[in-house]
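Excluded from the calculations below are hydrogen atoms, water molecules and symmetry mates; all remaining heavy atoms, backbone and side chain alike, are included.
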Amino acid sequence: MVTTKTQKKIAAKDLETDTTTVEQLTYYRILAPLEVKSLLSHLNSDEKKSIALDFKKLKNENLEPLRHTFIEGVDKQQTRSTETSENKESTHYKVDLVNMQKEAFNLFEEMIHVYGIPDDGIRLPVKRAKSDELNEVVYMNSESTLVTYQIIETEKGFKVVIEDSLTLNFDRRKKSGLFHLQKVKSLGSYMKCLQLINYYIQRNKFPFQSLQLSGGTLNLKGHREEIEEEIESYKGLIDICTQIGISEDYIFDDKEDLPSLFNTIIDIFKNKQYSLLNIRQEKLKKTKIINIGLSNYVKLALVYSDGCFLNLYSEEALKIMDRPSSITDVASNHSQDNIEPVILPDNQGSYDHKVSIFASRKIEEMVKDTNFDFDIVKLSFADEHHDIQADLTITSSLEYIDFYDKSHDESYLEFALDLNQRYLAKYPQDDIAKVNIYLIKLKQGHELSEDEQNDLYNIQARAEMNNEQTICFACEVLLKNKVKAKRIFATLTGEEKEEIIEFPIYRFYQNLE
């Protein structure tokens, strides 16, 4: 029985009456709290007054297993736990298949209950879901691993696609199955698949709790040594890739020649065959930032220091680059022959202040690096690595505002705002920082307050006294006076026009109505 404070109804469908037999037919549906919560949520979201439910025919007269399943579900999904799960994040999840009976269970029709497991280890009911796509924490070699898999019904049976890489095809009639391991898509997913295969070889089953797959028909015992060698090989490759910043989750391009790429990574960064980089050895005697194209699809920004390469987008690299030294950039592409290194502008040597190693690097180019990590870029502008009063602070912030216009990723805009606010805290009278802050606020959808508008009029008055027409133009744009801004722009010199056209304020001006 379902009770609710709403006036909506939960109706049953597919109930049948068989007039040709005296036998009484019994139908059921287990309505545990997560199920009821989901149904009511569906009613509320669709603004319906009723909803139809499918009921299952009881194939035997024994209600006892169903009673135990229902009581167990209600016990796991107490109101207190369900409410707690809405306000508490979980690090791992576990799934329970509901009413798993050999005779009646259908993997593609039944529901599952998902339970979150926060750091305190308490199971919290999260949701009900179909069992066609699952995330499950499995335990292999005393370690927990989150595995994603999808279950797809086929004409002859079903297939399980694990980590989008390992496919298990099962034939219901023959009660047999086949493995198919695809080419590497990401190193992390491929390693999980190798470990799952190895687990199966050793135990003749998989470690899944919600998907029981086992049986001697999937015979891979003759491949155990080969699989274990493959696992060790990929562990070494993952370690090297982590060092240079290629994440386990990085998805390689479908057109990538992976054997060639992986061999190159091992040769250069493990065996230190630096001659493959086409960089003269004398260039590798000091700490340097080096851009390396390993293939048409993998481009890395690295630091060469103390005889080895490190990921430029790492905390270790930030500490190395903080050392007082002569630092230069070298561009290299190992895949092309006889390329002379290109010396790029010095990042730190010519500045009075300590500055971020990324301050003079264009964000539009950095995001093309396979090992790009925006969190490290932001960290490089922290006080530990960057003097906020450096002139490059404002210059860099304009790069991030500009890139927001192209990417529409608000994290770049928020970072630009932070840079300008920190700079303004050091120099409260700086009008450029104020203009940038007001521009960012408008881009974020905020309206300027009366005080902020008055501040712009004051900035404009000071700019007129100093004959700084570009600032006057910016103020009129921020006040959304497009006609006045157009008149000021017409009075600018050719050089001033060329300069301001490159700034984000000009694009904002163009979009004014």
When rounded to the nearest 0.5 Å, the distance separating CD of Gln182 from OG1 of Thr167 is 4.5 Å
Crowded around Asp391 CG? As in, over 12 foreign heavy atoms under 6.0 Å?
no
ring-ring contact (aromatic ring centres under 6.0 Å, His included), that's the test. Do Tyr506 and Tyr509 meet it? Break it down for me.
CA-CA 5 Å; Tyr506 184 76; Tyr509 157 73; 5.5 Å; yes
Could you state the interatomic distance from CG (Leu419) to CZ (Phe381), rounded to the nearest 0.5 Å?
6.0 Å
Identify whether NZ of Lys or CZ of Arg in Lys497 sits under 6.0 Å from the centre of the six-membered ring of Phe489 and within 45° of that ring's axis.
yes
Counting only heavy atoms not in Lys484 (residues, nucleotides, ligands), do more than 12 fall under 6.0 Å from its NZ?
no
One pair to check against side chain to side chain donor-acceptor pair (under 3.5 Å): Ser295 and Glu256. What are the steps and the verdict?
CA-CA 8 Å; Ser295 72; Glu256 184 71 79; 3.0 Å; yes
State, yes or no, whether a side-chain contact exists between Leu302 and Tyr313 at a heavy-atom distance under 4.5 Å.
no
Locate the shortest heavy-atom distance separating Ile320 from Ser305; write the atom from each residue and the value.
CG2-OG, 3.7 Å
Does some side-chain heavy atom of Thr395 sit less than 4.5 Å from a side-chain heavy atom of Leu392?
yes
Would you please classify the geometry between the Phe374 ring and the Tyr412 ring as parallel, tilted or perpendicular, with 30° and 60° separating the classes?
tilted
Taking atom CD as the centre, does Gln510 end up with more than 12 heavy-atom neighbours from other residues, nucleotides or ligands that are less than 6.0 angstrom away?
yes
Atom CZ of residue position Arg462 - does it have more than 12 heavy atoms of other residues, nucleotides or ligands inside 6.0 Å?
yes
Salt-bridge contact Lys183-Asp254 (side-chain N to carboxylate O under 4.0 Å)
no
Where does the angle between the aromatic ring planes of Tyr274 and Phe309 fall among parallel (under 30°), tilted (30 to 60°) and perpendicular (over 60°)?
perpendicular
Check whether any side-chain heavy atom of Ile471 lies under 4.5 Å from a side-chain heavy atom of Gln460, and answer yes or no.
no
Of all heavy-atom pairs between Ser396 and Ala359, which one has the smallest distance, and what is that distance?
OG-O, 2.9 Å
Within-4.5 Å side-chain heavy-atom neighbours: Glu364 and Lys406
yes
When you check the gap from the basic side-chain N to the acidic O, do Lys443 and Asp405 get nearer than 4.0 Å?
yes
Please report the closest heavy-atom contact between Asn371 and Leu300, naming both atoms and the distance.
OD1-CA, 3.6 Å
Flag the pair Asp430 and Lys434 as a salt bridge only when some basic side-chain nitrogen lies within less than 4.0 angstrom of an acidic carboxylate oxygen.
no
Identify whether the distance between the nearest side-chain nitrogen and carboxylate oxygen of Lys362 and Glu399 falls below 4.0 Å.
yes
Using 4.0 Å as the upper bound for N to carboxylate O, is an ion pair formed by Glu316 and Lys319?
no
Taking all non-hydrogen atoms of both residues into account, name the closest pair between Ser186 and Ile251 and its distance.
CB-CD1, 3.9 Å
Taking C-beta and beyond as the side chain, do Leu417 and Glu414 meet within less than 4.5 Å on heavy atoms?
no
Pairwise distance CD1(Ile357) to NE2(His386) - rounded to 0.5 angstrom:
12.5 Å
Measure from NZ or CZ of Lys255 to the centre of the six-membered ring of Tyr297, then state whether that distance is under 6.0 Å and the direction lies within 45° of the axis.
no
Please give me the minimum heavy-atom distance between Ala390 and Tyr423, naming the atom from each residue.
O-CE1, 3.8 Å
Could you grab the distance from atom CZ of Phe252 to atom OG1 of Thr370, nearest 0.5 Å is fine?
8.5 Å
Electrostatic pair Asp239-Lys235, nearest N-O below 4.0 angstrom:
no
Should we count CD of Glu315 as having more than 12 external heavy atoms under 6.0 Å?
no
